[in-house]
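A short worksheet on the structure shown next.
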Amino acid sequence: MAREDSVKCLRCLLYALNFLFWLMALCVLGVSACLRDHLNNVFTLTADTRLEEAAVLTYSPVVHPVVIAVCCFLIIVAMVGYCGTLKCNLLLLSWYFGSLMVIFCVELASGVWTYDEPMVQRSDMISLKSRMPHFGLQRYQWLTHAWNAIQTELKCCGVIYFTDWLETTEMEWPPDSCCSNQYPGCARHAHYHDLSDLYQEGCGPKIYSFIRGTKQLQVLRFLGVSIGVAQILAMTLTVTLLWALYYDHKPPDPASPDALIQTHSPAEDAQKPSHSHPRAPEAWANTPANGHTQFEMEQLS
């Protein structure tokens, strides 16, 4: 009875862990999707520079397809683990344990690979000014889109200050994406009337802070560590459940006392001749022949 309660407790814990795997894997995919567009714009501005190498090193869990594939595979593995726990299937539980082991090794290797801190300085942000003269050109539409997206999302203008646009390009005023209240021609109006309508901070320091790590990146790291700990716990519980189920399905030992109690099968009992007990004298009195004899004796008396 105690073993049955233990198995039931193990199954409940595995149900909870598999549900937790689904939630954490979906959270990782959601945070990665939110960061990916912004990260692509940063890669566009920092292409072929040390900044790009630092960004790739920092956000490899977001951009690397192996990590995304691992999260998708973890959802499938959690479903298999749920079915194996529900049916107490030894084969499914064994496959579930092996898959968790493989995923854990991949996550551990990825964590070691991305352990190094990015070697980037604030002075490296000056290299972004080389991307500004191509703004607005027909053949550099992708770069123009990246600058507009970065300045709008980070609420910044230029690299150090909004005057960078006037110094490094032939533009007479900054792009409209530098306006706090954007509309066509807002930068021209702000340049001649009120400069406070333009973002006063440069994009360089904000991109530097983004490369060094954001709150979303910290959430991803926390989720990665949590998934790893949950996988270790799930593997331990799975091995325990496999042992309990294997012990229940194990054939009894012929030398054990329980096996010696029953040395013959029911089929052997059915083949043995049955010995009928002699009928009691009272039983003969109820037969039809004895009833006729009793009637004749009553007539003679």
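For reference, positions follow the sequence shown, starting with 1.
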Parallel, tilted or perpendicular: ring planes of Trp22 versus Tyr82, cut at 30 and 60 degrees: tilted
Phe222 CZ: over 12 foreign heavy atoms closer than 6.0 Å: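 No, because the 6.0 Å sphere around CZ of Phe222 holds 12 heavy atoms or fewer from other groups.
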Minimum heavy-atom distance between [X] and [Y], given as atom pair plus value:
X	Y	result
Gly158	Asp164	C-OD2, 4.1 Å
Ala149	Asn41	CB-ND2, 3.4 Å
Leu166	Met171	CD2-O, 3.5 Å
Ile75	Ala25	CG1-CB, 3.7 Å

Cysteine SG atoms at Cys157 and Cys178 closer than 2.5 Å: yes
Distance in Å, Thr240 OG1 paired with Leu10 CG, rounded so as to fall on 0.5 Å steps: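 It comes to 6.0 Å.
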Polar contact flag, side-chain donor to acceptor under 3.5 angstrom, Arg11-Tyr15: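 Tyr15 and Arg11 do have a side-chain donor-acceptor pair below 3.5 Å.
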Shared hydrophobic cluster, Val42 / Tyr199 (ILVMFWY, side-chain heavy atoms < 4.5 Å):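 No, Val42 and Tyr199 fall in different hydrophobic clusters.
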Ring centroid separation Tyr140 to Phe135 under 6.0 Å: no
Tyr161 vs Glu167 side-chain heavy atoms within contact, under 4.5 Å: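 When only atoms from C-beta onward are counted, Glu167 and Tyr161 do not touch, as no gap falls below 4.5 Å.
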